[in-house]
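In what follows, chains carry the letters A, B, and so on, assigned in the order in which the sequence lines appear, proteins first and then strands, with residues in each chain numbered from 1. Being a predicted model, the structure only gives us computed values, none of them experimental.
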There are 4 protein chains.
Amino acid sequence: MTAGSPSVGRPRSERARVAVLHAVDDLLVDVGYAAMTMKNIAERAGVGRQTVYRWWATKAEILFEACVEDAGRELASEPGTTTVSDIANFLAALAEFLSTSPAGAAYRALLGEAQHDPAVAVLLGTVDVLGLGARPVLQRAVDRGDLGPGAVGEDAVAVAVLVGPLVYRALTGATTDAVSLDELAAAAAESLRRLG
Amino acid sequence: MTAGSPSVGRPRSERARVAVLHAVDDLLVDVGYAAMTMKNIAERAGVGRQTVYRWWATKAEILFEACVEDAGRELASEPGTTTVSDIANFLAALAEFLSTSPAGAAYRALLGEAQHDPAVAVLLGTVDVLGLGARPVLQRAVDRGDLGPGAVGEDAVAVAVLVGPLVYRALTGATTDAVSLDELAAAAAESLRRLG
Amino acid sequence: MTAGSPSVGRPRSERARVAVLHAVDDLLVDVGYAAMTMKNIAERAGVGRQTVYRWWATKAEILFEACVEDAGRELASEPGTTTVSDIANFLAALAEFLSTSPAGAAYRALLGEAQHDPAVAVLLGTVDVLGLGARPVLQRAVDRGDLGPGAVGEDAVAVAVLVGPLVYRALTGATTDAVSLDELAAAAAESLRRLG
Amino acid sequence: MTAGSPSVGRPRSERARVAVLHAVDDLLVDVGYAAMTMKNIAERAGVGRQTVYRWWATKAEILFEACVEDAGRELASEPGTTTVSDIANFLAALAEFLSTSPAGAAYRALLGEAQHDPAVAVLLGTVDVLGLGARPVLQRAVDRGDLGPGAVGEDAVAVAVLVGPLVYRALTGATTDAVSLDELAAAAAESLRRLG
DNA sequence: AATTAATCGAGACGGTACGTCGGGTCTTTAC
DNA sequence: GTAAAGACCCGACGTACCGTCTCGATTAATT
């Protein structure tokens, strides 16, 4: 059908694939991004070094694959009854993601690496990780009439207004308590209304 | 005067110091942060390798020193007549800083590295680079009565609300045009009023 | 007939066998022994890698098989009318073999590898490649009474006296012209007479 | 005087140099040439890997340096009173060298590698290791009138006649006892006289 | 004809050495 | 005592080959 070789030769080992993805998650927590090398990823996964290189070019690619799907699930917040509560729910999920989740730690590491390596910037550009969580919230706000339809456009600033403050605090090492989160949600709602 | 040897032996070479700081700026632009090594910093500066290590422990420290003073000057925006125009002036300066200035590139690189290396996170925490630019704006808003006095507190979210959206867009590679900047300024003003 | 499975299942592919032996010869000429790997032997032969390993354990074994029979034929020199001319004929064949023949190149490579790997030394010891060519010459000299009967014994030095000089020159990269060959033949005859 | 930088920077460590040469000798005996890698040479010598590569390109170069001087000393046999006894002394030294000496083992390994790698063949061609031992013997024979003066020429076959048989036996794993050595000496003397 | 079993080409698997590069330290001479 | 030069030991890089394994597909002799 598609490829030239549908099933010639030994098939890829699913065991090795998941072992690598798990190893990356573990190492990010245990030793941090900088000390995480292709060598010890392979060792931690109990996998040959070449097997890692065969499927991923860099540790950023592995981390990205390990991050994306988890991010989608963890950022899918409960819809609220009002726009403000909807936003509050999302910001709570986002704060949790950024400060606690392994996938969030991977995202922060990747966003950091993207500042050093254009290839990683391109990689991150392929999936709008936080936008995928934020856009449903914005769409519901548009549907309620609380936000102009331009706010969910491709390059709209609405996503940045929504997630930017929390991301900035996460990257600078600040933590955000529940009270501040509610304040931020109210402020963001006000801000977004102004963008409509 | 004070310690055992205040000025015995050859004094530190000012020539070497500025050569290193300039070399770091040049290399960040020419080859990027990742490809910038202590070795080629020393070579570009025409300086011995040990001379670099004698005064800075890591390339992040050099970059930080090269970045801070420029940042202070470049982020000192013109006070506007109203809070909204004041904020607009600041956001314009911030956008310029993040997207164009060498010091801004250094800041982004350092913020990225801080996600990988706790020591760099601590280093960045010693000077609130963007906050130093944002706080005068917020203070003037408080003075005008447009913002509650709590907004300029130590750990207040106001700074994050002000700079977060633009920082997020800069880190994810998005550019922000003048029109969007004005929208953001208006939205931020609204948002901040809500925090008061 | 004999073992558990005399001829059940698919029989060994003769096509694959000769393809491998030819590939080894070609590669030895094209890229040399060191750059000749089991991987590119299989590729050059258009054969699976496992198929090579199924029948030969090392590239030395393949080369040995490819070498032995050719060596026997190429070293079977024309008997001369006198011992000196007999020896001269043999030395001419030997010089040709060592310097020009693919089988000779294989022999030199194997003799070289035997210095690094005891298993190859054992392998080479199973067939006295040059001795098989030299012994008929020596036997005829014994029959003529030009040489004592001990010279064709198992561990006699006569073979070494006969082939050693040319082998040494071949291994050290020296070439030997026709005039020198005749001198060597006369000298060897003299030398062998002395061993009787 | 000579080079552009007579003594700038840290000087080469003599300790490291001899440690590497000794490590190579030890490893050749302990594990053999094939299993002797640049990696374990460095480890055995207690030296960084880069330090090895800084001064030698291949393990063959190291072995060559470790071999040459020892070879000169070990092959410098006692002059005998007659040409036959002179040759006998040399052949005894040569047999000892080839079968027992570490330097001889190195020589055999290098001669083997030269069959696989043209660069090693060139390297070996720079110093006529065995010839340096054999030529004095031949020269004395010429002086005695037992050998024509052409025998000590650049490309003369006399050296090969002298050392070839023993080298061939050494490379093929044969050992040569004292009785055979004396026979070989007498035969070689006869053979060389014929070359005069 | 159907079954059985060893072969075939292909290619992924876990390992390990390669030669290079950057890390941070040290040891020289020159200033 | 700093500066410039450069060698030191260390370890990760990405590549290549090792020898083994697991596939689907052949290919004959045996049922």
Return the set of residues passing side chain to side chain contact (heavy atoms under 4.5 Å, CB included) with [X] (not counting sequence neighbours), or none when no residue passes.
X        : answer
D:Val68  : D:Phe64, D:Val127
B:Ala103 : B:Asp70, B:Glu74, B:Phe97, B:Ser101
C:Ala121 : C:Ala114
C:Ala45  : C:Ala19, C:Val20, C:Ala23, C:Val47

Please list each protein N or O that sits under 3.5 Å from an N or O in nucleotides 29-31 of chain E, with the distance.
none

Residues 12-41 of chain B vs ring pair (Phe, Tyr, Trp, His ring centres under 6.0 Å), sequence neighbours excluded, gives A:His116-B:Tyr33
What are the residues of residues 41-57 of chain A, sorted by number, that bring a heavy atom to within less than 4.0 Å of DNA chain E? A:Gly46, A:Val47, A:Gly48, A:Arg49, A:Gln50, A:Thr51, A:Arg54, A:Trp55
Can you work out whether A:Thr58 or C:Pro11 has the more 5'-proximal nearest nucleotide on DNA chain F? A:Thr58
Do any pairs count as a salt bridge (charged side-chain N to carboxylate O under 4.0 Å, His left out) and have a residue in residues 18-32 of chain C, sequence neighbours left out, and if so which ones? C:Asp30-C:Arg44
Suppose the criterion is salt bridge (charged side-chain N to carboxylate O under 4.0 Å, His left out): which pairs have a residue in residues 53-67 of chain A, not counting sequence neighbours? A:Arg17-A:Glu65
For residues 27-39 of chain B, which residues have at least one heavy atom under 4.0 Å from DNA chain F? none
Under the side-chain hydrogen bond (donor to acceptor under 3.5 Å, both in side chains) test, residues paired with D:Thr58 that sit two or more places apart: none
Results of side-chain hydrogen bond (donor to acceptor under 3.5 Å, both in side chains) for A:Glu43 - residues two or more places apart only: A:Lys39
The reported gap from CG in C:Leu124 to OG1 in D:Thr172 (rounded to nearest 0.5 angstrom) is 9.0 Å
Rounded at 0.5 Å granularity, tell me how far OG1 in B:Thr37 sits from CG in B:Leu27. 8.0 Å
Give the rounded distance in Å between these two atoms: [atom1] of [X] and [atom2] of [N].
X        : N      : atom1 : atom2 : answer
C:Asp117 : F:dC18 : CG    : P     : 14 Å
D:Asn40  : E:dT16 : CG    : C1'   : 11 Å
B:Lys59  : E:dC21 : NZ    : P     : 17 Å

Between A:Arg15 and F:dT22, does any side-chain N or O lie under 4.0 Å from OP1 or OP2? no
Which listed nucleotide (E:dG14, E:dC8, F:dA3) is nearest to the side chain of B:Ala16? F:dA3
